[in-house]
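For reference, the structure discussed in these notes is given below.
Worth knowing before you read on, the calculation uses all heavy atoms, side chains too, and leaves out hydrogens, waters and symmetry mates.
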Amino acid sequence: MNRAFLLILFIFSCQFNLIAQRSLSTKSKKAAELYYEADNFRVRGQYVQAASLLEQAIAKDKKFHEAYFRLAVIRKAKGNLEQAEQLFFKVISLNEGNNGPSYFELGELYLKQDKYLQAIENIEKYLAYNPRNKKRVEEANSILRNAQFGIENQKTISEFQPRPLNDKVNSFPMQYFPIVSVDGSYLIYTRRLGTTSEYDEDLVISRKDESGDWSTPASISENINSEFNEGTCTLSADGRTLIFTSCYGRRGFGSCDLYISEKNGGEWSNPVNLGPNVNSSSWDSQPSLSADGRTLYFISNRGGGVGRRDIWVSYKSDDNDWKKPVNMGRSINTAGDEVSPFIHPNNKVLYYSTNGLPGFGGFDIYYSNREDNWLAPINLGAPINNGQDQVSLFINSKGDKGYYSNEDNISDKKGIIYEFDLPEIHKVKYRASWIAGMVTDAESDQPLGATIELYDLERDKRVSLVKSDSVTGSYLVVLTEGSEYALYVEKPGYLFKSYTFSFELGEDIKSLSKDIPLDPIKINAHTKLNNIFFKSNEYKLEDKSKTELKKITRFIKANPNLRIEISGHTDNVGSPEYNQSLSEKRAKSVYQFLLEQGVAPTKLNTKGFGAGRPLVQNNTPENRQLNRRIEFKVVKI
């Protein structure tokens with residue numbers, strides 16, 4: 001490089017710095033240098049260094065309003081809203097020119113403090129300058145809409161009193177995205193060892209001790225946590241499928257990917273990337289699993305969506321492959337950002353945060369109820385929502401307690417996990433309970449890995465599919481309030497078992513314990529069919545029997561070497577002749593349905609036993625109901 005060029009470059013640089021300084025209000029060269037140096041730190045997010053340099057610039061020139069403005073913006077970004085407010089006032093008092101930017105910042109600041117009238121006043125002052133920045137004008141109009149929404153919807157609900165979990169849980173510089181087990185016995189969340197992104201994230205678990213207090217958290221598993229990044233996670237209701245986010249270290253498809261780990265016995269498997277069917281070359285994060293672990297909701301900014309960050313959903317096939325995700329569409333997603341989806345264990349309510357709908361400011365929590373389709377989202381309302389950002393809400397299975405992390409940017413800990421009692425108006429309509437136990441071989445008592453299906457009898461629709469643990473035999477299935485259910489447990493080489501459960505709206509919620517022994521297929525092995533229904537003294541099958549009848553059909557077709565006896569049984573009310581006839585006719589009704597489903601008549605025979613083979617004494621209405629039944633027996637192999 002020749003000397004003449006260097007001289008020109010030096011002159012140009014001096015002229016540029018002189019012009020830049022003249023565009024500022026200060027006449028102090030040193031104050032201007034400090035201001036520009038501070039800006040280099042500010043744009044990199046190094047606010048402490050930037051603020052220190054701006055304070056030095058102000059010390060050089062007490063009327064340097066641009067430095068006051070930059071310092072106010074930093075204070076606001078760090079959550080020091082009162083300091084920021086005073087600094088913006090100072091800017092306005094010093095600046096005789098365009099104070100639109102200060103009025104905009106004040107309007108946004110007041111929205112964060114739920115001071116809606118002041119927010120409107122300052123945004124209107126900003127708009128009075130006729131600003132040309134279209135994006136900023138859109139943001140200003142959004143603040144106006146949110147402030148008006150806040151005025152119209154602000155309430156005081158005395159029951160909303162969030163409580164921080166104990167210091168054992170909140171022991172890290174950051175903790176966030178809590179999830180609680182279906183039975184409420186343990187808590188899993190993400191912890192970070194520092195308040196910036198370069199610090200390690202891991203998943204930790206805290207269990208309730210005998211006194212009901214949360215214990216000191218520990219790493220969820222050495223197989224899951226690593227030197228890499230383990231972020232927001234979700235867990236199936238049985239506690240055996242975990243999906244989490246990792247954004248660096250592991251080889252993936254995009255900037256953040258989703259990974260899965262399965263628990264067998266007491267051991268978590270090494271995490272595996274969910275693969276290109278789910279992950280993309282974009283940002284994929286913040287997963288939420290349905291209770292049975294077969295539907296995955298998550299956030300992605302991939303192409304083909306409605307807005308910037310949308311909720312997508314992927315379904316697990318019966319072959320256990322995750323299907324290509326689909327966008328949840330405009331009934332849920334907006335042109336803005338959606339974050340932190342959470343599907344309640346009842347599988348009927350989806351909670352999420354968005355800044356794309358009118359709200360109280362920032363991100364508000366909304367929920368959508370599912371009937372045949374997802375209904376229009378509803379703002380969860382004040383005081384849960386306010387002018388700050390609300391994200392990462394978790395509602396327990398009973399629908400009466402919530403958990404969230406509050407990132408206030410003020411205290412030493414950026415994220416504190418809170419628990420609160422849901423106000424009555426926000427409690428979940430359809431609560432979730434569960435049935436749990438062990439699946440074993442009826443002869444050897446050894447644990448079995450079996451398939452467990454839950455059907456809604458009224459709709460003849462499968463609502464859940466899980467597997468029992470092949471090492472321990474343990475299983476857990478969620479029951480949602482408001483339905484009558486059939487539960488089927490099956491494994492090749494064994495007779496299936498059927499059970500019936502009713503969980504009507506308003507019933508006392510309680511969990512059920514049910515150990516399930518499966519009988520190996522052999523001559524005379526038999527099982528009771530608990531979901532075959534007849535009206536009293538009739539032999540015509542009720543419609544809700546179809547679920548069980550189709551299950552029998554599939555079993556017989558899958559085991560073509562078997563001959564099956566369908567037997568009818570009654571209680572002892574009525575004459576022996578009447579009961580014998582009724583039991584035979586009911587068995588024949590089942591036989592006829594199976595023939596219509598394509599079962600060969602050579603595979604079946606029927607018998608009626610009347611009241612001759614009771615399971616229990618016919619001395620109570622409940623016992624007589626147990627004795628009225630259809631059974632299924634292997635008579636030939």
Side-chain angles (χ1 to χ4, degrees), residues 178-188 233-243 262-263 287-297 313 315-316 318 341-351 367 369-371 393-403 422 427-439 450-469 472-490 497-516 531 547:
I179 60 173
V180 179
S181 63
V182 167
D183 63 3
S185 66
Y186 59 88
L187 166 78
I188 297 174
C233 72
T234 182
L235 191 71
S236 59
D238 63 9
R240 294 177 51 233
T241 299
L242 180 86
I243 294 177
E262 305 277 359
K263 193 175 187 180
S288 180
L289 276 170
S290 62
D292 67 354
R294 303 188 71 83
T295 304
L296 173 64
Y297 303 84
V313 59
Y315 301 96
K316 201 175 193 180
D318 285 351
F342 163 62
I343 183 69
H344 190 268
N346 68 12
N347 210 31
K348 289 180 177 287
V349 189
L350 178 71
Y351 297 87
Y367 64 93
N369 291 306
R370 177 176 15 212
E371 291 182 1
L393 178 70
F394 187 97
I395 305 296
N396 70 347
S397 57
K398 293 181 180 180
D400 60 358
K401 287 187 186 298
Y403 299 83
L422 253 76
K427 287 184 178 178
V428 171
K429 179 180 179 182
Y430 297 100
R431 301 165 299 167
S433 184
W434 64 93
I435 176 171
M438 310 279 286
V439 181
T451 299
I452 302 164
E453 296 176 296
L454 186 71
Y455 279 80
D456 184 317
L457 285 172
E458 291 296 332
R459 296 185 296 154
D460 185 25
K461 181 179 180 180
R462 189 177 74 187
V463 293
S464 185
L465 169 64
V466 301
K467 304 277 188 178
S468 60
D469 191 307
T472 66
S474 63
Y475 75 94
L476 185 147
V477 179
V478 168
L479 304 175
T480 297
E481 187 179 22
S483 294
E484 189 175 2
Y485 294 105
L487 184 76
Y488 297 104
V489 185
E490 58 186 325
K497 284 283 183 73
S498 76
Y499 299 92
T500 188
F501 302 98
S502 179
F503 187 12
E504 298 300 327
L505 279 170
E507 284 186 2
D508 289 339
I509 187 167
K510 57 184 178 180
S511 60
L512 301 172
S513 178
K514 188 73 176 176
D515 291 336
I516 301 171
N531 296 292
T547 301

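I395 CD1 to S397 OG: the interatomic distance, rounded to the nearest 0.5 Å, is 11.0 Å. Taking OG from S511 and CG from D183, the interatomic distance works out to 8.0 Å, rounded to the nearest 0.5 Å. The structure places NZ of K348 at 10.5 Å from CD1 of I343, a figure rounded to the nearest 0.5 Å. Note: H344 NE2 to L350 CG = 12.0 Å, rounded to the nearest 0.5 Å. From K497, atom NZ reaches atom OH of Y488 across 14.0 Å, with rounding to the nearest 0.5 Å.
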Inset, instruction - Before giving the answer on side-chain contact (heavy atoms from CB on, under 4.5 Å), spell out for I188 and C233 the whole-Å C-alpha distance, their side-chain angles and the decisive distance to 0.1 Å. - result: CA-CA 8 Å; I188 297 174; C233 72; 3.8 Å; yes

Inset, instruction - Kindly indicate, with the supporting measurements, whether the criterion side-chain contact (heavy atoms from CB on, under 4.5 Å) is fulfilled by Y186 and L235. - result: CA-CA 12 Å; Y186 59 88; L235 191 71; 3.5 Å; yes

Legend entry - Step-by-step side-chain contact (heavy atoms from CB on, under 4.5 Å) determination, S483 to F503: CA-CA 6 Å; S483 294; F503 187 12; over 6 Å; no

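Not a single salt bridge (Lys or Arg N to Asp or Glu O under 4.0 Å) links R370 to another residue, sequence neighbours left out. Annotation: side-chain hydrogen bond (donor to acceptor under 3.5 Å, both in side chains) contacts of N531 (sequence neighbours excluded): T500, E548.
Side-chain contact between L454 and R462 is absent, with no heavy atoms from C-beta onward closer than 4.5 Å. When side chains are defined from C-beta on, F394 counts as touching V180, because their heavy atoms get closer than 4.5 Å.
Residues Y485 and F501 place their aromatic rings such that the two centres sit no closer than 6.0 Å.
No donor-acceptor distance shorter than 3.5 angstrom exists from the side chain of T234 to the backbone of I243, with no hydrogens or angles considered. A side-chain donor-acceptor contact under 3.5 Å links S433 to the backbone of K510.
Ion pairing of D400 with K398 is absent here, as no side-chain N (NZ or NE/NH1/NH2) approaches a carboxylate O to less than 4.0 Å.
Residues V439 and Y475 share a closest heavy-atom pair of CG2-CD2, 3.8 Å. Pairing each heavy atom of P345 with each of A432, the nearest pair is CB-CB, 4.0 Å. For the residue pair V349 and N369, the shortest heavy atom distance occurs at CG2-OD1, 3.5 Å. The heavy-atom pair separating Y430 from T480 by the smallest distance is CB-CG2, 3.9 Å. Annotation for S290 and R294: closest pair OG-N, 3.4 Å, computed over non-hydrogen atoms. In this structure, L465 and E453 approach most closely via the heavy-atom pair CD1-CG, 3.6 Å.
More than 12 heavy atoms of other residues, nucleotides or ligands lie within 6.0 Å of CD in E504, so this atom counts as buried by the packing criterion.
S474 and D469 are not linked by any side-chain donor-acceptor pair at a separation below 3.5 angstrom, with hydrogens and angles left out of the test. A donor atom on one side chain and an acceptor atom on the other are found under 3.5 Å apart for T241 and E262.
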